[in-house]
Amino acid sequence: MLFADVIVDISVKSLDRPFQYIVPEEYQDVAVVGAQVLIPFGQGDRQRQGYIVGLSTEPNYDIQKTKQIICVEKQGVVAESHLLSLAYWIKEHYGGTMNDAIKAVMPVRREVQEKLVRRVYPVVERGELLAQKEEMERKHQVARVRVLDALLSVEVSHYRDGVDYDMLIRQCKVTKAVLRGLVERGLIQIAARQLYRNPYPNIESQKTDITLNEEQQSAVQRVLWDYQAGRRYVYLLHGVTGSGKTEVYMQCIQSVIRQGQQAIVLIPEIALTYQTVNRFYERFGDRVSVMHSRLSAGERFDQYTRAKNGEIDIMIGPRSALFTPFRQLGLIIVDEEHETSYQSEMPPKYHAREVAVQRAKMLGASVILGSATPSMEAYYRASTGEYQLLELKKRAGGAVLPSVEIVDLRQELEEKNHSIFSRSLADKIRQRLKRREQTILFLNRRGYAGFVSCRKCGEVIGCSHCSVALKPHLYRGQVDRLVCHYCGYQIRMPRACPKCGSRYIGTFGLGTEQVEEMVRNQFPEARVIRMDADTTSGKEGHDKLLKSFGDGEADILVGTQMIVKGHDFPGVTLVGILAADLSLNVGDYRAAERTYQLLAQAAGRAGRADKPGEVVLQTYQPEHYSIVCAAKQDYLSFYEEELLMRRMLQYPPVSNILGVLVLSEQKQRSEALAGYLAEQMRKAEDITVLGPTEASIGKLRDVYRMVIYVKAEEYDRLCQIKNELETYLDNSERWKDCRVLFDFNN
Ligand code: ADP
Ligand code: ZN
Ligand code: ZN
């Protein structure tokens, strides 16, 4: 008899273990590890889905009481066993259930028929088609003429892309026979093509004429040398913006592919623009595919299958592309590895960078993490030798880094300038308008209205026990209390600045909309585009606005961090950062790191082409190291300063931190459980327990949230703590109404 261990598709912690089932005769061939099954489960034997995670010939229980699998699902994609191991690793490292983890590693779980779209392509050159059309006009073949007219009406640059088959039939009111006739005459071709495949079927993969510079070459050689010798490492490619990191990726990929292996390129969703993807298409043609959130289920399934069948060698995409089932994965690239979007916000709350390293380890692949502003984690590991550091210090193609001027906004206020534009920035904007060059105004809006500061001296009201800003808590629309989200310390909203006594204190509130309005007031002649979550519905809108700015249809682009990635704007010679410190005081130990990253990336947008760029960085805290270092694009000084802070306060990457989130529909219950758990944990001497305190979102969908932070030197120690807490909660009747979630190093 054959028995299967099945993980049931229910994300409830108490059911998060395999249940054994009997595999009926007829399914013994297809019941493999990773297969999806239907099973009877629980009271009344409700039909449920599940995944086989193990097989054996030994029963665990009384066979009489063991139930049978209903069937193995025909349409279910079978998970590769290493992906199941990876799911287990994710569950162990980040908490959550095995079911959630399996779903994460299997972004495609169902076979879905792919949707075919037929297109009509011209087979001959435009001139030839035009001549043929004129010929037909003379012969009064009006139906054929209509078809050729439609093909010729396409913009010249898209002539080769053809026209949608169904649309052509409808618009030209012709029969299929007419099209067949044109095919027979060798003028057109009808091809079934998946919408999402290479959208430029006529771009042949081409040799580019870029010769790598010395720095790029030595990075590539280092990776490939190791690769040939069978050494698989994690590399951190630290290269300033525009230093040609993408060229390095592509060279390494090319070499890996030539040896019959495949590559995954992770790019944050926001940077997954037409421009970025197109560079890969141009280089690798049809061997590339893209996974992203706009694909339908059928399209995803098709991508997945093509990867599995070896029809493609490169998969590009955000987080979920990491789980592409290639046969022989040789290389994983994580571009912009510092990006926060690599951290999943849903359980399992995994970090794609860490999971990439783990998957590579399991399969014997190399990893390249790339960034102009590496995460503290990545750089720390590079400095300890866990990762290999590769550096690109110069901009490729000879462009120089922009010059940066720091403007002290306190000084502006003192000199009675109440505008959001310093005098220097306003002058420079006027110059650009005169010279018909472009400007980006960047509002660093993370933590919008997220802290209270003094407009006179710049003091930010912070916690006395942690180096974070206190968060304003509103009561009847007024700021009532200020609270530390790390240790729970709180004070009443003060009436005057505790440092200088000024009454000009308040929450910092400035949105892109106001900025746009002020630009229109102060520079009425300028054409302005605003870009933020409100003006860009979906990524199409995002691409469209960026394109029109890139085409010179506006003088000034106003936006949030959205505007800093994935696009080259050769016309931009001025970047104004309106309030650099907005992200500095968000009550998060990563605030300085995020600020440095945002500023350095924003500054990197100026002067990419032949014209040198300028950056004006306005701030209330001109002496803060993240601002000073970003202005100089001096990553190393920033890193060292920040590492001291992390060391002092025991934060990652030096130490590790576990957030224990305690949820209940009743406030006092979540407080009681959080209090109890904290008390228990405090008995251990090798960890530091902070809190409990209200979570940064204290109530979410009517559930109250308390949080406890636990710091330990070793990550594994925190995993152990997590497991102990889970075991306690699973076996305790007392807290059935509460739920506990975990958050590692976030
Ligand atoms: P990064 O990814 O580091 O921001 P990119 O790879 O996008 O940099 O390169 C920036 C620009 O420099 C691109 O337009 C690219 O084509 C160009 N470039 C890269 N490497 C070279 C090179 N060796 N010679 C000339 N131009 C280059
Ligand atoms: Zn003050
Ligand atoms: Zn505190």
Side-chain angles (χ1 to χ4, degrees), residues 206-221 236-254 265-268 271-280 282-283 316 333-339 368-374 390-402 408-411 413-414 451-462 469 494-506 508 550 564-570 572 581 585 597 600-610 613 620-621 633 635:
Q206 50 190 260
K207 279 259 165 290
T208 54
D209 44 9
I210 286 184
T211 327
L212 296 189
N213 64 35
E214 236 166 79
E215 285 184 328
Q216 288 171 313
Q217 231 163 36
S218 92
V220 170
Q221 271 164 7
L236 172 61
L237 177 61
H238 177 210
V240 295
T241 38
S243 58
K245 293 186 287 297
T246 311
E247 293 299 327
V248 171
Y249 304 151
M250 292 201 289
Q251 282 286 330
C252 294
I253 290 171
Q254 191 143 37
V265 183
L266 295 188
I267 294 181
L272 198 65
T273 57
Y274 170 85
Q275 282 184 7
T276 345
V277 175
N278 204 32
R279 277 171 81 181
F280 283 87
E282 282 178 4
R283 182 63 127 331
I316 305 178
I333 310 273
V334 184
D335 191 27
E336 310 280 359
E337 62 76 27
H338 63 276
E339 268 291 309
I368 304 177
L369 311 173
S371 177
T373 52
L390 308 170
E391 291 182 298
L392 304 178
K393 294 185 167 148
K394 292 191 300 282
R395 278 188 159 186
V400 288
L401 285 167
D408 184 345
L409 286 174
R410 296 169 304 187
Q411 194 70 29
L413 192 71
E414 199 131 286
F451 63 98
V452 170
S453 66
C454 170
R455 291 203 65 183
K456 182 129 183 273
C457 76
E459 173 79 355
V460 171
I461 302 182
R495 290 169 184 279
C497 170
K499 192 165 157 208
C500 76
S502 158
R503 293 189 169 259
Y504 278 108
I505 61 168
F508 208 112
V564 303
K565 307 269 159 50
H567 269 262
D568 273 343
F569 298 116
V572 172
D581 14 24
N585 307 293
Q597 285 162 354
Q601 298 271 356
R605 297 295 115 180
R608 290 186 62 123
D610 44 345
Y620 288 100
Q621 299 174 71
Q633 299 266 345
Y635 177 80

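These figures come from a predicted structure and were not determined experimentally. Counting convention: from 1, in listed order, for ligands and their atoms alike.
Contacts with ligand 1 closer than 4.0 Å are made by backbone heavy atoms (N, CA, C, O) of Thr211 only, the side chain lying farther away. For Ile210, every heavy-atom contact with ligand 1 shorter than 4.0 Å involves the side chain, none the backbone. Residue contacts with ligand 1 for Gln216 involve side-chain atoms from C-beta outward but no N, CA, C or O (heavy atoms, distance under 4.0 Å).
The NE2 atom of His238 sits 8.5 Å away from atom OG of Ser243, with the distance rounded to the nearest 0.5 Å. To the nearest 0.5 Å, atoms SG (Cys457) and CD (Gln621) are separated by 10.0 Å. Rounded to the nearest 0.5 angstrom, Glu282 CD and Met250 CE are separated by 8.5 Å. For the atom pair NZ of Lys456 and CD of Glu414, the computed distance is 7.0 Å after rounding to the nearest 0.5 Å. One finds the CD1 atom of Ile368 at 12.5 Å from the CG atom of Leu266 (value rounded to the nearest 0.5 Å). One finds the OG1 atom of Thr246 at 7.5 Å from the CD1 atom of Ile267 (value rounded to the nearest 0.5 Å).
Seen from the Zn ion (ligand 2), atom SG of Cys500 and atom SG of Cys457 lie 110° apart in angle, a value rounded to 10°.
Between Lys245 and Glu336, none of the side-chain N atoms (NZ, or NE/NH1/NH2) sits under 4.0 Å from a carboxylate O, so this pair counts as no salt bridge.
Close approach to Asn213 involves these atoms of ligand 1, each under 4.0 Å from a residue heavy atom: 23 (N). Against a heavy-atom cut-off of under 4.0 Å, Leu212 is close to the following atoms of ligand 1: 23 (N).
The option with the heavy atom closest to atom 1 (P) of ligand 1, from among Glu215, Lys245, Met250, is Lys245. Nearest residue to atom 5 (P) of ligand 1 from Glu247, Arg279, Lys394 is Arg279 (criterion: closest heavy atom).
Ligand 1 has Gly242 within reach: a non-hydrogen atom of the residue lies less than 4.0 Å from it.
Note: an N/O pair closer than 3.5 Å links Gly244 and ligand 1 by distance alone.
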